[in-house]
Amino acid sequence: MELAAEPVVYQKLLPWEPSLELEEEEEEEETSEMLVPNPWRHQDSSRNKAGGLPGTWARVVAALLLLAVGCSLAVRQLQNQGSSTGSLGSVAPPPGGHSHSSGVYHHGAIISPAATCSHLGRELLVAGGNVVDAGVGAALCLVVVHPHATGLGAMFWGLFHNSSSGNSTALTSGPAQTLAPGLGLPTALPTLHLLHARFGRLPWPRLLVGPTTLAQEGFLVDTPLARALVARGTEGLCPLFCHADGTPLGAGARATNPQLAAVLRRAAFAPTSDLAGDALLSLLAGDLGLEVPSAGPRPALEPAQQLPVPQGILFTTPSPSAGPELLALLEAALHSGVPIPDPCPPFLQTAVSPGSSALAAVDSSGSVLLLTSSLNCSFGSAHLSPSTGVLLSNLVAKSTASAWACPLILRGSLDDTEADVLGLVASGTPDVARAMTHTILRHLAAGPPTQAQHQHQGQQEPTQHPSTCGQGTLLQVAAHAEHAHVSSVPHDCCPFQGF
């Protein structure tokens with residue numbers, strides 16, 4: 001794709017505020033069109049006379065036109081959400097501006113396994129949210145639309161890099177505990193609430209609007225969920241994910257989960273993370289005929305584990321995740337003098353591949369959020385709580401070492417505020433630490449971007465050919481040359497959105 005001939009000036013997109021309208025109206029005549037036009041902006045009344053019709057008729061005609069446009073947009077949105085994997089997320093370049101290859105954006109981007117959730121994350125970024133708002137909002141969306149891989153019954157791990165401070169923070173759910181034999185104690189709500197309370201920008205209820213609406217009014221089953229339903233069967237999952245005859249919902253069918261919508265609505269107004277989790281525990285205990293646990297696992301935010309390398313510094317999550325194993329593998333490989341293991345190392349064989357999910361968000365300044373979660377296998381325990389619509393995991397103490405969790409961030413330099421930042425997170429692989437080791441070693445061996453690549457202003461990917469071994473997906477995000485980059489392996493597995 002050709003670059004624009006004229007030099008380009010990059011500007012941060014600021015959220016629209018009504019108080020700035022009058023000041024901006026005069027400036028807009030001298031600048032290019034806004035990247036995100038405001039549909040509610042007041043228009044000159046002289047343009048709304050509808051060809052000179054009397055006032056009453058003009059208003060009627062205008063109302064009908066608005067209704068037609070609104071219906072058209074709604075139909076288009078439903079069509080987009082109903083596609084198998086959704087668009088890969090490329091956004092049209094601003095009028096008169098320049099464009100980039102797919103997955104390169106000026107401001108920020110998000111990548112997730114579901115097109116609907118990537119779109120929701122982008123909306124939160126455009127609304128003035130940061131990568132934590134976008135990532136947590138998308139994670140709550142996945143709770144609704146991908147119950148085979150994640151949910152409120154899942155365990156979450158996360159890694160957040162703050163470009164302003166240069167610090168990386170690990171999000172941990174606490175040790176796995178059981179609610180009942182074979183049923184893991186849910187920790188998702190307090191974990192995500194804690195992350196947002198510390199680093200988010202938008203109000204917590206704003207993040208739950210989209211997921212609650214999807215659960216209440218319905219969402220279209222996508223291809224990954226449809227395939228999981230066929231593979232797993234519908235035992236224990238009806239009536240939410242079944243037709244009247246008990247057959248599983250197929251791709252494009254509409255599913256609702258009103259009980260889950262009620263839980264999310266209640267969580268939206270919980271003042272603390274403890275209350276958000278305790279309300280869910282009370283309902284689950286009632287379904288199972290158990291007493292409410294006196295003290296569940298407490299999520300925590302703690303400094304990320306670090307490994308200095310010649311190219312910068314690596315960050316990952318602490319034990320009991322697979323982060324320490326990942327750093328040990330990387331350190332051993334770097335000291336051995338063999339930079340790229342080839343072929344891919346064999347994976348450990350497991351009876352059940354963990355059902356897990358991952359997403360990533362990045363902005364052009366270098367802030368990155370990586371989130372990964374697991375139910376331990378597809379649909380977890382397949383125990384559907386009737387009063388909450390929550391699928392409980394079978395992720396219990398004896399079945400997990402959190403081997404599926406090892407998000408990784410590479411920052412080029414702690415002293416350089418404009419240093420490149422790379423984030424990697426994987427899902428679905430029994431031996432994900434080895435796959436991540438292979439990928440990051442290939443990146444480190446490639447060396448820093450050349451001056452010519454920097455001059456292309458983000459046309460070059462930080463890692464040209466990211467790869468992973470075995471079964472699973474790998475998500476890559478990066479801040480490079482004042483741009484946000486997103487990509488995945490397989491390349492079409494995970495829809496992304498950005499602006």
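For this chain, numbers begin at 1 and follow the sequence in order. Basis for what follows: all heavy atoms, side chains included, without hydrogens, waters or symmetry-related copies.
The CG atom of Leu194 sits 11.5 Å away from the OG1 atom of Thr187 when rounded to the nearest 0.5 Å. A distance of 11.5 Å separates OH of Tyr105 from CD1 of Ile110, quoted to the nearest 0.5 Å. Rounded to the nearest 0.5 angstrom, Phe199 CZ and Leu171 CG are separated by 9.5 Å. The CG atom of Leu124 sits 12.5 Å away from atom CD of Gln497, with the distance rounded to the nearest 0.5 Å. Between the CG atom of Leu260 and the OG1 atom of Thr212 there is a distance of 8.0 Å, given to the nearest 0.5 Å. Separating the CG atom in Leu329 from the CD1 atom in Ile440 is a distance of 13.0 Å, to the nearest 0.5 Å.
Asp363 places no side-chain N or O within donor-acceptor distance of the main-chain N or O of Val131, the cut-off being under 3.5 Å. Proximity of a side-chain donor or acceptor of Thr437 to a complementary backbone N or O of Leu330 within less than 3.5 Å is not detected. Without hydrogens or angle criteria, Thr316 side chain to Pro407 main chain gives a donor-acceptor distance under 3.5 Å. Looking at Arg122, its side chain does come within 3.5 Å of a backbone N or O of Gly498 through a donor-acceptor pair. Without hydrogens or angle criteria, Gln311 side chain to Leu444 main chain gives a donor-acceptor distance under 3.5 Å. Judged by distance alone, with hydrogens and angles left aside, the side-chain atoms of Ser321 form a donor-acceptor pair with the main-chain N or O of Pro318 at under 3.5 Å.
Minimum heavy-atom separation, Leu375 to Pro147: CD1-O, 3.4 Å. Contact between Leu159 and Phe315 at its shortest, heavy atoms only, is CD2-O, 3.4 Å. Contact detail for Pro320 and Trp157: the closest heavy-atom pair is CD-CH2, 3.5 Å. Nearest approach of Ala251 to Ala226, heavy atoms of both residues: N-CB, 3.5 Å. Listed here is the closest heavy atom pair of Ala361 and Gly135: CB-N, 4.5 Å. What you find for Pro211 and Leu120 is that their closest heavy atoms are CD-CD1, 3.8 Å.
Between Leu314 and Leu408, the closest side-chain pair of non-hydrogen atoms falls below 4.5 Å. Side-chain contact between Leu264 and Val144 is present, with at least one heavy-atom pair separated by less than 4.5 Å. A heavy-atom distance below 4.5 Å is found between the side chains of Ile111 and Cys494. Looking only at side-chain heavy atoms (C-beta outward), Leu410 and Val309 come within less than 4.5 Å of each other. For the pair His146 and Pro224, the minimum side-chain heavy-atom distance is below 4.5 Å. Between Phe219 and Leu225, the closest side-chain pair of non-hydrogen atoms falls below 4.5 Å. Using a 4.5 Å heavy-atom cutoff, the side chains of Gln305 and Pro324 are in contact. Leu422 is not listed as a side-chain neighbour of Asp420, based on a closest heavy-atom distance of 4.5 Å or more.
Judged as a disulfide (SG to SG under 2.5 Å), the pairs with a partner in residues 139-173 (not counting sequence neighbours) are, in order, Cys117-Cys141. For residues 196-206, the pairs satisfying side-chain hydrogen bond (donor to acceptor under 3.5 Å, both in side chains) are Asp133-His196, with sequence neighbours left out.
Checked options Val136, Leu195, Leu192; the residue passing with Phe156 is Leu192 (criterion: side chain to side chain contact (heavy atoms under 4.5 Å, CB included)). When each of Ser488, Ser427, Ser356, Ser357 is paired with Thr473, the side chain to side chain donor-acceptor pair (under 3.5 Å) condition holds for Ser427 and for no other.
Taking the six-membered ring where the residue is Trp, Phe499 and His107 present parallel rings, their angle staying beneath 30° rather than reaching 60°.
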Exercise for the section: Output, in order, the C-alpha distance, side-chain angles, deciding distance and verdict of side chain to side chain donor-acceptor pair (under 3.5 Å) for Ser112 and Ser118. Expected result: CA-CA 6 Å; Ser112 81; Ser118 294; 2.9 Å; yes
Assess the residue pair Leu475 and Leu370 against the criterion (side-chain contact (heavy atoms from CB on, under 4.5 Å)); give the C-alpha distance rounded to whole Å, side-chain angles, the decisive distance to 0.1 Å, and a yes or no.
CA-CA 9 Å; Leu475 308 184; Leu370 309 174; over 6 Å; no
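Partners of Ser168 according to the side chain to side chain donor-acceptor pair (under 3.5 Å) rule, which considers only residues two or more places apart in sequence or in another chain, are His161.
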